[in-house]
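Reviewing the structure listed below.
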Amino acid sequence: GQNIDQPTEMTATEGAIVQINCTYQTSGFNGLFWYQQHAGEAPTFLSYNVLDGLEEKGRFSSFLSRSKGYSYLLLKELQMKDSASYLCAARSNDYKLSFGAGTTVTVRA
Amino acid sequence: NAGVTQTPKFRILKIGQSMTLQCTQDMNHNYMYWYRQDPGMGLKLIYYSVGAGITDKGEVPNGYNVSRSTTEDFPLRLELAAPSQTSVYFCASSSDRDTGELFFGEGSRLTVL
């Protein structure tokens with residue numbers, strides 16, 4: 001099975017940096033994903049890690065440590081439009097993809 | 001490409017009724033998934049499929065059934081609807097190439113009264 005934990009809520013100021021942590025336990029790990037979901041919309045893909053290390057895509061970066069079962073999503077230069085829910089998801093070798101409960105990020109002016 | 005298409009977008013059911021949520025994708029993806037999302041919560045996996053003719057249970061399969069007779073279609077059947085099945089349902093698909101990221105449909109909002 002898969003157990004995925006992430007904080008429920010985070011608040012930050014426009015222009016700041018926020019780091020969302022995610023811990024996971026999964027049998028047969030085969031990738032860690034981050035998705036963004038605005039209220040009333042479907043999730044959209046942000047990042048993918050399968051090897052240890054940092055993946056950077058513009059203002060968003062994601063880090064993975066397989067030995068620790070740990071990932072984080074780093075959002076830099078926060079903008080108001082970044083207010084959303086951020087979902088951590090772990091995939092197992094049988095392509096079962098399970099999501100955490102999501103972290104609601106509120107960006108304040 | 002249309003991507004992942006779900007129908008209907010909204011539906012109200014009475015307790016005990018049955019219905020099918022349709023999902024089709026035109027990206028030739030092997031993997032397809034059904035999730036439900038309750039208000040303020042994350043996505044819970046109901047069923048998934050790794051190819052035509054193959055389906056597997058996810059975390060919350062009770063009260064649902066699926067079939068995968070073609071690569072394109074992955075319908076979700078609700079038998080004997082219950083208020084606990086009031087939720088937003090998302091269908092998604094992915095390939096085994098590149099990152100295998102999920103492509104989601106727009107969601108189907110189901111209310112059981």
Side-chain angles (χ1 to χ4, degrees), chain A residues 1-9 20 22-51 55 57 60 62 64 71 73 84-106, chain B residues 2-7 9-10 21 23 25 27 29-52 54-61 66 68 74 87-109:
Chain A
Q2 291 163 306
N3 189 23
I4 302 169
D5 290 310
Q6 54 182 125
T8 304
E9 294 179 329
I20 306 170
C22 171
T23 58
Y24 66 89
Q25 293 174 311
T26 185
S27 52
F29 176 78
N30 187 20
L32 193 291
F33 294 80
W34 285 95
Y35 285 81
Q36 180 190 60
Q37 186 178 28
H38 285 102
E41 298 181 6
T44 55
F45 171 76
L46 287 179
S47 70
Y48 166 74
N49 296 71
V50 68
L51 300 175
E55 294 283 340
K57 286 175 70 174
F60 294 174
S62 57
L64 177 67
S71 173
L73 179 70
S85 181
Y86 291 85
L87 307 172
C88 175
R91 185 173 65 193
S92 56
N93 283 333
D94 60 357
Y95 272 76
K96 181 178 179 180
L97 184 65
S98 295
F99 285 79
T103 299
T104 300
V105 171
T106 302
Chain B
V4 179
T5 304
Q6 286 182 237
T7 56
K9 287 187 168 51
F10 301 94
L21 296 175
C23 176
Q25 52 91 9
M27 297 173 282
H29 284 172
N30 288 335
Y31 306 104
M32 296 189 74
Y33 304 80
W34 273 108
Y35 292 91
R36 60 174 288 174
Q37 186 173 37
D38 298 330
M41 305 295 286
L43 299 166
K44 294 290 187 184
L45 181 63
I46 305 172
Y47 272 96
Y48 69 109
S49 169
V50 299
I54 305 169
T55 61
D56 284 291
K57 294 179 180 179
E59 303 157 85
V60 290
V66 293
R68 185 90 185 272
F74 191 41
S87 191
V88 177
Y89 291 83
F90 287 102
C91 179
S93 72
S94 70
S95 75
D96 56 2
R97 299 183 299 274
D98 302 321
T99 65
E101 68 182 89
L102 287 185
F103 292 82
F104 283 87
E106 293 183 340
S108 299
R109 184 175 297 274

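Note that the structure is a prediction, hence the values are computed from the model and not measured. Convention: sequence-line order gives letters A, B, ...; per-chain numbering from 1.
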Return the option, out of A/A101, A/G102, A/G100, A/S85, with the maximum number of heavy-atom pairs under 4.5 Å with chain B.
A/A101
Considering only heavy atoms, which portion of B/Y35 lies under 4.5 Å from any heavy atom of chain A: side chain, backbone, both, or neither?
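The side chain, not the backbone.
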Toward chain A, the part of B/L43 with a non-hydrogen atom under 4.5 Å:
both
For the residue pair A/D5 and A/Y24, confirm or rule out a side-chain donor-acceptor distance under 3.5 Å.
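Per modelled atom types, A/D5 and A/Y24 side chains form no pair under 3.5 Å.
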In this structure, is the centre-to-centre distance between the rings of A/F99 and A/Y35 below 6.0 Å?
yes
Run the side-chain hydrogen bond (donor to acceptor under 3.5 Å, both in side chains) check on A/S92 and A/N30 step by step: do they pass?
CA-CA 5 Å; A/S92 56; A/N30 187 20; over 6 Å; no
For A/E41, is it the side chain, the backbone, both, or neither that has a heavy atom closer than 4.5 Å to a heavy atom of chain B?
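Just its backbone gets close to chain B.
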Approximate separation, where rounding is to 0.5 Å, of B/F90 CZ and B/E106 CD:
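B/F90 CZ to B/E106 CD: 9.5 Å, rounded to 0.5 Å.
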